[in-house]
Structures are given as C-alpha cells and as structure tokens.
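See structure below.
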Amino acid sequence: MTISPDELETQLAAIKEEALSKITATDTLEQLEQLRISYLGKKAQLSQVLGGMGKLAPEDKRRIGAFANVVKEALQEGLEKKRTELQAAQIQAQLEAETLDVTMPGVYRPQGRIHPLNSTIDRVLDIFVGLGYTVAAGLEMETDYYNFEALNTPPDHPARDMQDTFYLPDGNLLRTHTSSVQIRYMEANEPPIRIIAPGRVYRRDTVDATHSAVFHQIEILAVDEGITFTDLKGTLKEFFQDLFGEEIELRFRASYFPFTEPSAEVDVKWRGKWLEMGGCGMVDPNVLKAVGYDPEIYTGFAAGFGAERFAMVLHQIDDIRRLYNSDLRFLRQF
Ligand code: 2NL
C-alpha cells in the first residue's frame, strides 16, 4: 500500500490534534500514562505512520520526518506539562486531606495500673528471688498423677475430698495446687532445688467472702542435702518480715498434708493479731521417691500460700470477691 506524503502529513497533523485534545481532557496520572503509551509507545500510532515513510522520496522523507519530530515533541511537551499539573493537584489534594488540627482534643486513655493480686504476687516473687529461688510455671490442666499420685495422694486418700476439683472428660483435671509444677521441675532437675511456683488453681468450693473456686497459690520448695525444719522456719521468718515490712512473730501449729511430714500451719502475729498465712512442712519421703530422689540423701521443705489471702491481709480487703469483679471504684485505690 502506497501513501502520499501529503496524506502522511495530514495523518500526522490529525494525530497531533487528537492527542493534544485528549491530553488536555485527562484528569488522572494513570490515564495520562495510557495516552503516552498509545501515542508515543513502540506500538503507537505515530510509530506506525513513520513506518510507512520507507517508500517516500528522499526530500519527502526529510520533510515528513521533520514534521513527525515536531509532532512528537509537541506531544512530549503536552504530556509533560499535564503531568506536572496533575502531580501538583495530587499533592494539593493530599495536603488538604491530611490537614492536622492541633487544637483537636486527644483520645482519652485512662491510666492503667497493676491489679492488687498481681502486685502482691510480684512482691512475694521478688522476695524469694532475693533469697535465691527460681520462678517455675506449668500447666493449669494436669493429669491425676502430677496433681495427686506423685504427691502421696492415691485415689482412695481422704484428702481428695477436700481438694475435689473440676474433671475433664478425658480424665485430666484442673490442678488444685501448684505442687504439680514442682513435681515436674524435680523430675527434670537434680538437687539442690530452690523454686517458687505461683499460679491459678481450682477447687470445688462454694464461693463466699473467703473462698473462691479459682484462686492463686504460691508454693515454695527447697530440696538439698541436710535441709531441716529450722531452715523452713528461718526462710519463712525472713520472708514474712520482708512482706510485712516490720518485726513479726511466727507460730507453727501441727497440721496434716499428704505430701509433707511433719506438717504445720503457719501464723503471723502482725499488729497484735494472729493471722493464718498458709501451710508447710518437710517434704514426705514418698514424694521424693516419686521423682527419683533418694530420701536417705536428700530432704526438703515446702510451703503453700494463697495469694488472695496475702492481698486481703496487706490491704485490709474484707471479701475475696472484690479481687475478681473488676470494680474500678475498688481497684483505683491501689
Ligand atoms: C496450703 C498448704 C502446702 C505444700 C503446700 C508441697 C509441694 C511439694 C511437696 C511437698 Cl512438691 N509439699 N507443697 C506443702 C505444704 C503445704 O500448702 O494451705 N496452701 C494454700
């Protein structure tokens, strides 16, 4: 197909007019880029017209070639001008959208604080860490073995009545004390042992001012060669003195736990009153045997406390349920 130089020139002029009017009408950078591709790209109309120049006489080629360059430059200039315009408009729009009103009131975030139960647990842990103890944690769902059997409490043991708990369909249970953590720790480590195990525990208890079916226990355990009841007394004296921040008196009353022998309840005399603070004793040889320790070589002491009881005594809280119902009028006091 032959095409005359004049026709080519007319086509070029038409392309130029069409392109420039489309460029003018464009209002996005994406559209503008599409126009650039369709007019100046490799497959562009301009390139196709120029492809038809091959068969022209040399002087026509020069004339049409020069004109094609004029068209090309006009398009490039038009595109560039429009691009600058659109970019400026875009920045302007963005600036308007992102205007920051520094006089606007901020988002109110009330100051949070540590719950009295947690701050009590933290204080107790701090004191024992200061005495060389390691904090140990474990599972809230346990097997019968770790919660009872390893603690010298076989299925028919009467102490199971007082520690009735929530049983899962698979036979597992919710732990009734953090002792199970200590059993697992002893299985995995050799003496000397000095650990403190804090955590949530469960009992089938009727809720009242001093009982909750879910509460927090803190247990300590020391196993070594030559540990005696005197070490237990000295450790508890040191601990309670630090916890109450003043001179206190300790009293031990004979008691019973399946996992300690002998066992005792420990009371603290603070501001003239005796307060029951927890239970303790020398680790029963059967418990040591269960974790593979030789009771002829090792002895140990253990004690268990209720974190809620500590918090209630230290802050004069009259009802354990106040610690659980998230009443800010109560919690803001601490
Ligand atoms: C209480 C009494 C107690 C223990 C917990 C214990 C743990 C192991 C071995 C022996 Cl692994 N004993 N723990 C001993 C005596 C008392 O808790 O009234 N808790 C609230």
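Atoms within a ligand are numbered from 1 in the order they appear, just like the ligands themselves. Bear in mind that the values here come from a model prediction, so they are computed numbers and not experimental data.
- Aromatic ring centroids of H115 and F334 lie 6.0 Å or more apart.
- Residues Y146 and Y202 do not share a hydrophobic cluster, clusters being chains of Ile/Leu/Val/Met/Phe/Trp/Tyr side chains in contact below 4.5 Å.
- The residue among A307, A150, G304, A302 with a heavy atom at the shortest distance from atom 3 (C) of ligand 1 is G304.
- With a 4.5 Å cut-off on side-chain heavy atoms, F166 and N172 do not count as touching.
- Taking 4.0 Å as the cut-off between side-chain N and carboxylate O, R63 and D6 count as a salt-bridged pair.
- Expressed to the nearest 0.5 Å, how far CD1 of I23 lies from CD of Q31 amounts to 12.0 Å.
- Of the protein's non-hydrogen atoms, the one nearest atom 11 (Cl) of ligand 1 is Q182 CB, 3.6 Å.
- Each of the atoms 17 (O), 19 (N), 20 (C) of ligand 1 lies under 4.0 Å from some heavy atom of Q217.
- Under the 6.0 Å distance and 45° angle rule, R200 does not count as a cation-pi partner of F215.
- Distance from atom 10 (C) of ligand 1 to its nearest protein heavy atom, with residue and atom name: F259 O, 3.4 Å.
- Each of the following atoms of ligand 1 lies closer than 4.0 Å to a heavy atom of F257: 2 (C), 15 (C), 16 (C).
- Short contacts between ligand 1 and S179, defined as distances under 4.0 Å to a heavy atom of the residue, involve ligand atoms 7 (C), 11 (Cl), 13 (N).
- At a 4.0 Å heavy-atom cut-off, ligand 1 does not touch S263 at all.
- Applying the 4.0 Å criterion to heavy atoms of E219 picks out, from ligand 1, the atoms 4 (C), 5 (C), 6 (C), 7 (C), 13 (N).
- In terms of protein heavy atoms, atom 18 (O) of ligand 1 is closest to G279 N, 3.7 Å.
- Listed by number with element, the atoms of ligand 1 under 4.0 Å from a non-hydrogen atom of T260 are 10 (C), 12 (N), 14 (C), 15 (C).
- Aromatic ring centres of F310 and F244: separated by at least 6.0 Å.
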